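As the structure is a computational prediction, the values presented were derived from the model and not from experiment. Residue numbers begin at 1 in each chain, while the letters A, B, ... track the order of the sequences.
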Amino acid sequence: MSQSPRSESKSAGKQIQGPRGTRDLYPAEAARRRWLLERWREVSVRHGFEEVDGPTFEESDLYAVKSGEGILGELFQAFSGKSPDEVEQVKATGRGPFALRPEFTPTLARMYAARAAGLPKPCKWFMAGPFFRAERPQRGRLREFLQWNCDVLGLDIAPEKWHAEDAEGRAEVAESKARTDAEVIACCVAYLESTGLTPADVQVRVGSRTVVDGLLDDMRVPGEKHAEVFTLLDRRAKLGGEAFAEAASGLLDVAAFDARREGLESALKAGGRADAGFDSASLMRLFASLDEMGLLSWCTPDLSIARGLAYYTGTVFEVIADGERAVAGGGRYDNLVELFGGPRTPAVGFAMGDVVLSLLLQDKGLMPSDEELMGLVGQRPQVFVLSNGTDEADAQVRRVVAVLRRGDLGLHVRHSYKATKNIGKLLKEASGWDARFAVIVESPGEASVKNLQTGQQWEGRVAINALAERLAASLGK
RNA sequence: GCGAUUGUAGCUCAGUUGGUUAGAGCACGAGAUUGUGGUUCUCGGGGUCGCGGGUUCGAAUCCCGUCAAUCGCCCCA
C-alpha cells in the first residue's frame with residue numbers, strides 16, 4: 001500500500017452512468033416492464049396471434065432497403081471488431097455492418113419471406129421486446145424502449161386471389177384487406193381498453209395513403225408533388241392555419257381539399273357507407289368493418305395521417321392521446337415481403353411503444369402502484385417464515401423454508417435475514433414484503449400460521465410436515 | 001445535431017452576500033420490547049456536493065469545459 005490510495009481509488013471507483021436514454025430497472029420498474037409485456041402478450045394471444053422474435057441487431061442493409069430516409073441517421077451502429085475489413089468499413093463510412101434494431105417490420109418481412117411457403121395464410125404474428133434508436137431523448141422518447149408489434153401477413157382469402165386483376169376479384173381483395181386492417185386495429189384497441197383507457201382518452205386516427213393520392217389526383221395535383229403534400233398535411237397542426245396555407249399555396253387548393261376531405265371524413269365517421277366521388281372505397285370498407293366490430297367510437301378518420309415510414313402502401317393509423325406523442329402507429333405494407341425476396345404478400349400491422357404508453361397511463365391514473373405491480377407479476381411472497389425466538393425453533397427456519405419451496409406445491413417463501421428475534425419486527429417485515437401468510441415455527445415439529453391480510457391466526461398449531469398442503473389449499477393452489 | 005433550464009445521501013429536498021467537521025425527512029441497520037403487524041422513541045451506517053479544470057487565503061456556492069436529466073426545435077420507424 002503506497003501513500004496514494006486516493007488516486008488509486010479515483011480510477012478504480014470511477015462511477016460510470018448508464019448510457020443516455022436508457023433506463024435501469026430496479027424491482028418496481030422491472031415489475032412494471034414485466035406487467036406491460038405480459039398484458040401485451042395476453043391480448044395478442046387472445047386475438048389469435050403467435051409469438052415470434054428476431055435478433056436484436058441486424059445487418060444494416062436490412063434497414064437501408066426500405067425503412068425510409070430518416071432512419072439511417074438514427075441507427076445504432078454495431079460491429080464485431082473481429083475482422084480488419086469491418087473496422088476499415090466503420091472508419092471509412094461511419095457505418096457498421098450491423099445495426100441495433102430500430103423497428104421490427106423489416107425483420108418480420110425477412111422472416112416471413114424465408115419460410116412463406118410453409119406458413120399459415122394468413123399468418124398472424126406478434127412480438128414484444130427492446131428496440132434502439134440513436135435519437136435525442138425527450139418526453140416520451142428514449143434510446144432504448146420496448147415495443148409491441150402485431151402483424152397479419154396475407155389475407156383471409158385464397159392466396160391465388162390476393163392479386164386478382166378483374167373487377168370482381170379486386171373487390172374481394174379490397175373487402176379482405178378491410179377486414180384484416182380492422183382485425184389488427186381491434187387487437188390494438190382491445191389492449192387500450194384493457195388498461196382502462198376509453199375512447200375519450202385515446203383515438204385511433206385512420207387515414208390512407210392511396211385514398212389521399214386518389215383525392216390529389218382528382219384535384220389534378222401532379223404525382224411527383226404528392227409526397228410534399230403528405231409532409232405538409234402531417235405537419236399541419238404544428239404549422240398552424242396561416243403558415244400551412246402559405247406553404248400549401250401553389251401546391252393545393254386548400255379550401256377545395258378541405259371540403260372534400262371533410263365530406264369523406266363525415267361519411268366514414270358514419271360507418272363508411274357513402275359515396276365521396278373519388279376512390280375512397282378502401283377506407284369506406286375499413287370503416288364499415290370497424291363499425292361491424294363495434295369499434296367506431298374508438299376511431300376517427302384523419303386523412304392527414306401520413307407516417308414517416310416509406311413502406312406503407314394504403315391504410316395508415318396512429319393512436320393519439322391529448323398532450324402526448326402517438327402511442328402506437330401502423331398501417332398496410334403490401335409490397336415489403338416481396339422486397340425481401342418472398343412471395344407478393346399483402347400485410348398490415350402496428351407497433352406500440354412502452355414509453356409514451358407509460359406516460360399516458362400515469363397521466364390517467366391507470367398505472368398500478370409499485371406494490372400492486374409486484375403482486376400482479378407474482379412477486380408477492382405467499383409465505384414468510386419466522387421463529388418464535390427460541391434457539392430450537394430458530395434452527396428450523398431455513399429447513400421449513402426449504403421444505404415449503406420444494407416439491408409440486410413450490411410456494412413462494414421468504415424469511416428474514418435480520419438478527420432480531422423480536423416477533424413484532426419480523427411480522428412487520430413480513431407485511432413489508434406484502435406476504436400472504438406468516439408461519440411462526442414453534443418447535444422442530446410445529447408452527448403457527450397467521451393470515452396477514454385478515455390478521456387472523458389459525459387455531460392451534462400445524463405439524464410442519466402438513467404445512468405445505470394446508471398453506472397451498474388456503475392459497476387456492 | 002441545435003437552444004433553454006437543472007444536477008447536494010438510495011429517494012424528496014434545505015444549505016443564508018464564498019468562511020470551521022455539509023443538514024433534514026423518508027428509506028436502510030441496531031435497540032427500546034426472550035411471543036404477534038405498516039405507530040412511537042433512541043442510536044447508527046451512508047455524501048469524491050455529477051465529473052474535470054480555473055478564480056480565491058478559502059468553493060456545494062463564482063467562471064469555463066464536459067457528462068446526464070428535463071423541456072422545446074429537427075426528426076419520428
Taking only N and O in the side chain of K418(A), is any of them less than 4.0 Å away from OP1 or OP2 of G29(B)?
yes
Under 4.0 Å between a side-chain N or O of T420(A) and OP1 or OP2 of G31(B)?
yes
Are W458(A) and F437(A), when compared by the centres of their aromatic rings, separated by less than 6.0 Å?
yes
Candidate nucleotides U70(B), A30(B), U33(B), ranked by approach to the side chain of N422(A) - the nearest:
U33(B)
Looking across every strand, which nucleic acid part, if any, lies under 4.0 Å from G21(A) by heavy atom: base, sugar-phosphate, or nothing?
sugar-phosphate
Go through RNA chain B and write down every stem, that is, every run of at least three consecutive Watson-Crick or G-U wobble pairs with distances under 3.5 Å, as range with range.
B:1-7 with B:67-73, B:10-13 with B:23-26, B:28-32 with B:40-44, B:50-54 with B:62-66
Reckon E429(A) touches a base, only the sugar-phosphate, or nothing at all at heavy-atom distances under 4.0 Å?
nothing
Within residues 445-463 of chain A, find the residues that approach RNA chain B with a heavy atom at under 4.0 Å, and present them sorted by residue number.
K450(A), N451(A), L452(A), G455(A), Q457(A), R461(A)
Applying a 4.0 Å non-hydrogen cut-off, can you work out what G389(A) is touching in the nucleic acid: base, sugar-phosphate, or nothing?
nothing
Counting heavy atoms from C-beta on, name the nucleotide in G38(B), U36(B), C71(B) closest to the side chain of E442(A).
U36(B)
Please determine, by modelled atom types, if S60(A) and R95(A) share a side-chain donor-acceptor pair under 3.5 angstrom.
no
So, E442(A) and N388(A): side-chain donor and acceptor under 3.5 Å apart, yes or no?
yes
Within the structure, does a side-chain N or O atom of R20(A) lie under 4.0 Å from either OP1 or OP2 of A68(B)?
yes
Would you tell me if any nitrogen or oxygen in the side chain of R136(A) comes within less than 4.0 Å of OP1 or OP2 on C71(B)?
no
Testing G35(B), A30(B), U70(B) for proximity to the side chain of N388(A), the answer is G35(B)
Which nucleotide in the set G37(B), U36(B), C75(B) lies at the smallest distance from any side-chain heavy atom of R325(A)?
C75(B)
Could you check whether K428(A) gets within reach of a base, just the sugar-phosphate, or nothing at all, counting any heavy atom under 4.0 Å?
sugar-phosphate
What residues in residues 143-152 of chain A put a non-hydrogen atom under 4.0 Å from any atom of RNA chain B?
none
Flag the pair R33(A) and D354(A) as a salt bridge only when some basic side-chain nitrogen lies within less than 4.0 angstrom of an acidic carboxylate oxygen.
no
Is the phosphate of A32(B), meaning OP1 or OP2, less than 4.0 Å from a side-chain N or O of K425(A)?
no
Which part of the nucleic acid, if any, lies within reach of R235(A) when heavy atoms closer than 4.0 Å are counted: base, sugar-phosphate only, or nothing?
sugar-phosphate
